[in-house]
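To keep things clear, I will list the structure first and then write my remarks on it.
Numbered from 1 within each chain, the chains take letters A, B, ... in sequence-line order.
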There are 2 protein chains.
Amino acid sequence: MADSAKPVSKRDSRKEAAVAVDETQAVQLGELSDLLGYVLKRAQLKVFEDFLRCVAPLQLTPAQFSVLLLLDANPGRNQTEIANTLGILRPNFVSLLDSLESRDLCTRVRSANDRRSHILMLTEKGRGVLARAKKLVVSKHEARLNELLGPDGRDALLAMLTKIAEEF
Amino acid sequence: MADSAKPVSKRDSRKEAAVAVDETQAVQLGELSDLLGYVLKRAQLKVFEDFLRCVAPLQLTPAQFSVLLLLDANPGRNQTEIANTLGILRPNFVSLLDSLESRDLCTRVRSANDRRSHILMLTEKGRGVLARAKKLVVSKHEARLNELLGPDGRDALLAMLTKIAEEF
DNA sequence: CCGTGTTTGGTATGGTGGATAACAATTATC
DNA sequence: GATAATTGTTATCCACCATACCAAACACGG
C-alpha cells in the first residue's frame, strides 16, 4: 500500500475556460524537436522495437542478445564481469541469466580457481541461436537502418553515438 | 594476485572448470560495439543522465521538461492530446500531471466546450521554471554536446536520429 | 427527446528494469 | 587465525509501461 496519499480533490470546482484551439491542427512539438535527448530516446525506442520484431522468431530481447554476444566473445568470464560490462547490476543480472540458462542457451559453471564465481559459457544450442540471431540482425535489422541512413550515414551515426557513450 | 599460469590441460568435470583467462584484461565488447541499438541506448542513458544533472536545481526530469515545453507551445490542449504527442499513455500521464500541478507548474482547467476534457495551462510559476530550465539546458546540457560533437556534428546527429524516429 | 455508442480523465493492477540492503559462502589480507 | 573483501543471490523498492475497467460527459441516429 502507498504510504503517501495525495489530497487530490476530484470534486474541485475549478475555473472553466473556453479556449479557441483548432483541434484539427496537430500539436506542435516546438523546441522539443531540437532537444537531442528527446529525439535520441524516440529513436532508441524505434530501434529496439524493430530489433524485437526482427529477432522475434528466436524470442530474444536486446539485453539477452547482448549477453549471448558477450559470452561468445569472452569465454571464461564470470557473472560480475559480464554484468558490469553491460552496465547491468549483479542482482538484476541473476534473473536474466536464469531465463537464458532455463532455455539451455548458456550455463553457469563453478570455477575451480575461485569457487565463489560462476564461469559463464554458451551451450551448443546457445551458439546456434546466437548465430541465427546474428543473421537476422544483420540481414533484417541493421540492413533496414543501412537503407534508411546509407552505409556512410550509419557509420557516422555510430561514431557519434559511441563518442557520446564513451566520452560524455 | 596474478595467476601463475597453470598448464590448463585439465578437462571440465561437467561441474567445475578452470579456464585460463587473463582477468587483468578488459572484457571485449566484440560485435556489440558495432550494434547500433546497443550504442544508441548507451548514449541515450548518458544524455539523460547529464540532462538530470544540468537541470537538477529545478528538479525536472526529461519527461516533465518535455511536458512543460509542449504546454508552452500548445496552449488550450487537453490531456490526451499532450500525452499522445509525447507517446505517453493517458493513464500514466495522470500522475505525471499530478506532480506538476502539485508543484503549481501547470493547471487543469475544465473546458467549457467539452466538460469531459481538461485544458492544460502553464502557471506563472510554470513559465518561470520553464524559462530557467531552458537556460540551463541550452547553456549547460546542449552546450556540452556541442563541445563534444561540434555544431555541425550535433546537427547531423539530430537529423539522423529524427529520421529514425519518424521514418523507421 | 431517448437510447446507444464513444470519448475523456481517472483508478486499479500487472509486468519489467533499475537500484539498494543484506546474507552465506568463499577468498584475500594481515 | 581473525578480519575484511568478493561473488552470487534474495528481497525490496521505485520508476515506467501497458491493459482493463469505470463514471461523467458528449455525439448521434432513431
Side-chain angles (χ1 to χ4, degrees), chain A residues 1-14 16 18 21 23 41-42 44-46 48-49 52 59-64 66-67 76-101 106-120, chain B residues 1-3 16 18 21 23 41-42 44-46 48-49 52 59-64 66-67 76-102 106-120:
Chain A
M1 301 296 276
D3 34 13
S4 68
K6 288 290 182 183
V8 179
S9 57
K10 43 188 172 182
R11 274 287 171 176
D12 198 4
S13 64
R14 305 168 189 270
E16 291 190 359
V21 172
E23 313 209 354
K41 182 170 185 191
R42 271 293 163 88
Q44 186 259 314
L45 290 176
K46 283 270 191 151
F48 267 45
E49 192 182 310
L52 280 176
Q59 284 286 92
L60 283 181
T61 68
Q64 292 171 327
S66 66
V67 170
R77 298 290 191 163
N78 63 22
Q79 294 186 200
T80 44
E81 290 173 314
I82 298 297
N84 283 339
T85 307
L86 291 175
I88 303 176
L89 294 170
R90 275 77 81 211
N92 301 329
F93 193 51
V94 174
S95 64
L96 210 176
L97 265 189
D98 283 348
S99 77
L100 289 179
E101 202 176 16
C106 72
T107 52
R108 299 181 235 223
V109 182
R110 181 152 275 114
S111 168
N113 306 332
D114 184 345
R115 305 229 309 265
R116 288 171 299 184
S117 62
H118 290 171
I119 299 299
L120 298 180
Chain B
M1 182 136 202
D3 38 0
E16 291 191 359
V21 173
E23 313 210 353
K41 183 171 181 188
R42 270 292 164 89
Q44 186 259 313
L45 289 176
K46 282 271 190 153
F48 266 46
E49 193 182 310
L52 280 176
Q59 284 287 89
L60 283 181
T61 67
Q64 290 171 328
S66 66
V67 169
R77 298 289 190 164
N78 63 20
Q79 296 187 199
T80 44
E81 290 173 314
I82 299 297
N84 284 339
T85 306
L86 291 175
I88 302 176
L89 293 171
R90 275 76 83 213
N92 300 329
F93 193 51
V94 174
S95 63
L96 209 176
L97 264 189
D98 283 346
S99 77
L100 290 179
E101 201 177 18
S102 72
C106 72
T107 51
R108 299 180 235 222
V109 182
R110 181 152 275 113
S111 168
N113 307 330
D114 182 346
R115 305 228 311 263
R116 291 171 296 183
S117 61
H118 291 170
I119 300 298
L120 298 180

Give every pair of a protein N or O atom and an N or O atom of nucleotides 5-8 of chain D that lie under 3.5 Å apart, one pair per line with the distance.
unit_1 : atom_1 : unit_2  : atom_2 : d
dT6(D) : O4'    : R116(A) : NH1    : 3.4
dT6(D) : O2     : R116(A) : NH1    : 2.8
dG8(D) : OP1    : Q79(A)  : N      : 3.1
dG8(D) : OP1    : H118(A) : N      : 3.0
dG8(D) : OP2    : T80(A)  : N      : 3.0
dG8(D) : OP2    : T80(A)  : OG1    : 3.2
dG8(D) : O3'    : H118(A) : ND1    : 3.3

Q: Encode nucleotides 16-21 of chain C as B, S and - characters from 5' to 3', where the letter depends on protein heavy atoms closer than 4.0 Å: B to the base, S only to sugar-phosphate, - to neither.
A: --BBBB
**Q.** Side-chain (T107(B)) to main-chain (V109(B)) donor-acceptor, under 3.5 angstrom
**A.**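 Pair absent, no side-chain N/O of T107(B) close to backbone of V109(B).
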Starting from [atom2] on [N], measure out to [atom1] on [X] and report it in whole angstrom.
X: F93(B); N: dG10(C); atom1: CZ; atom2: P; result: 10 Å
X: R110(B); N: dG10(C); atom1: CZ; atom2: P; result: 9 Å
X: N113(B); N: dA25(D); atom1: CG; atom2: C1'; result: 13 Å

Q | Which residues share a side-chain hydrogen bond (donor to acceptor under 3.5 Å, both in side chains) with Q59(A), sequence neighbours left out | A | none
Q: For S99(A), enumerate each residue passing the side-chain hydrogen bond (donor to acceptor under 3.5 Å, both in side chains) test, keeping only those at least two apart in sequence or located in another chain.
A: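 Residues passing side-chain hydrogen bond (donor to acceptor under 3.5 Å, both in side chains) with S99(A): Q64(A).
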Quick one: pull up [atom1] in [X] and [atom2] in [Y] and give me the separation to the nearest 0.5 Å.
X: K41(A); Y: K41(B); atom1: NZ; atom2: NZ; answer: 10.0 Å
X: R108(B); Y: D98(B); atom1: CZ; atom2: CG; answer: 4.5 Å
X: D114(A); Y: I119(A); atom1: CG; atom2: CD1; answer: 8.5 Å

(Q) Quick check: do S66(B) and T61(B) have side-chain heavy atoms less than 4.5 Å from each other? (A) no
(Q) I'd like to know whether L120(A) forms a side chain to side chain contact (heavy atoms under 4.5 Å, CB included) with C106(A), so could you lay out the CA-CA distance, the side-chain angles of the two residues, the decisive distance to 0.1 Å, and finally the verdict. (A) CA-CA 7 Å; L120(A) 298 180; C106(A) 72; 5.5 Å; no
Using residues 81-93 of chain A as the side-chain source, report each donor-acceptor pair under 3.5 Å to any protein atom, sequence neighbours left out, with the distance given to one decimal.
unit_1 : atom_1 : unit_2 : atom_2 : d
E81(A) : OE1    : N78(A) : N      : 3.0
E81(A) : OE2    : R77(A) : NH1    : 3.0
N84(A) : OD1    : R90(A) : NH1    : 3.1
N84(A) : ND2    : T80(A) : O      : 3.2
T85(A) : OG1    : E81(A) : O      : 2.6

Q) Pairs counted as Watson-Crick or G-U wobble with both distances under 3.5 Å: what dot-bracket string results for DNA chain C, using | for bases tied to another strand? A) ||||||||||||||||||||||||||||||
